[in-house]
Amino acid sequence: MAERHILLSGDLTQLEKLNRFVDSFGREHDLPTPLIFELNLALDELVTNIITHGSRGGDLSCISVSLCRTGEDLLAVVEDDGQAFDPCQAEAPDLLCSLDERCIGGLGIHLVRNLTDAMCYERIGDRNRITLVKKAKPS
C-alpha cells in the first residue's frame, strides 16, 4: 500500500498543484491515462467546491488530499475545516429540464459521483472527510 499526501491552501490557484500531484501519483503507479484524468477531474471539482463554498466567511486553513493504491482500489481522501456539508446527501440535478428551468448547483457533485465507484462522507470534529473509491486494474 503506497500513500501520498498534499496540503493545499484555500485558494483556487492551488488546483494546478493538485493536478501535478495526481498526475505524479498516477505515473508512479502506472495508472491508465483515462483513470488519472477522471480522478483529477473529480478531485478538482471537490476542491473547487470546498474553496468556493466551504469557508465560513474566512479562509480555510488547509485542505488535505491523500491518495492510496491498494490492489484494485484507488482511494482519495479529501479533508477540510470548512462548513459541514455532506455531498452524498445532495439531490441529483434534473438533467432533463431546460437550462432556463434548471436550478443552479449540483452538477459538480453529480460529475464526481459518475467519475468514481464510491463516495462517502464523515464529519470528524470540525473537519469534513470525503473518501472516493476508484477501481484500477493491478499493474
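Not measured: the values here are computed from a predicted model. Along the sequence shown, the residues carry numbers beginning at 1.
Panel note: side chain K134, backbone I36; no donor-acceptor pair is recorded below 3.5 Å. Proximity of a side-chain donor or acceptor of T48 to a complementary backbone N or O of D44 within less than 3.5 Å is detected. At distances below 3.5 Å, at least one donor-acceptor pair connects side-chain atoms of N128 with backbone N or O atoms of Q83. A donor-acceptor contact shorter than 3.5 Å links the side chain of R69 to the backbone of G71.
We find the CG-OG1 distance between L12 and T52 to be 5.0 Å, quoted to the nearest 0.5 Å. Taken to the nearest 0.5 Å, the OG1 atom of T33 stands 10.0 Å off from the CZ atom of R27. Note that CG of L18 is 12.0 Å distant from OG1 of T13, once rounded to the nearest 0.5 Å.
Of the charged side-chain nitrogens involved, none lies within less than 4.0 Å of a carboxylate oxygen, so that K135 and E72 do not count as a salt-bridged pair.
Between T131 and R129, some side-chain heavy-atom pair lies under the 4.5 Å cut-off. Looking at heavy atoms from C-beta onward, N49 lies in side-chain contact with I109 at the 4.5 angstrom threshold. Between V65 and V22, the closest side-chain pair of non-hydrogen atoms is not below 4.5 Å. Between V47 and Q14 there is no side-chain heavy-atom pair separated by less than 4.5 Å. With contacts defined as side-chain heavy-atom distances shorter than 4.5 Å, the pair L43/F21 does not qualify. Annotation: side chain of R123 is not in contact with side chain of D86 (no heavy-atom distance under 4.5 Å). Proximity of L39 to L31: side-chain heavy atoms (C-beta onward) are nowhere separated by under 4.5 Å. Under the 4.5 Å side-chain criterion, counting only non-hydrogen atoms from C-beta, I51 is not in contact with L8.
Residue S9 comes nearest to I63 through the heavy atom pair O-CD1, 4.3 Å, listed as atom of the first residue, atom of the second, then distance.
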Determine, stepwise, if the pair D23 / N40 fulfils side chain to side chain donor-acceptor pair (under 3.5 Å). CA-CA 8 Å; D23 285 345; N40 245 327; 2.9 Å; yes
For the pair R127 and S64, evaluate side chain to side chain donor-acceptor pair (under 3.5 Å) and give the outcome as yes or no after the intermediate values. CA-CA 11 Å; R127 297 188 63 77; S64 167; 5.5 Å; no
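Hydrophobic clustering of Ile, Leu, Val, Met, Phe, Trp and Tyr side chains at less than 4.5 Å, counting indirect connections, unites L115 with F37.
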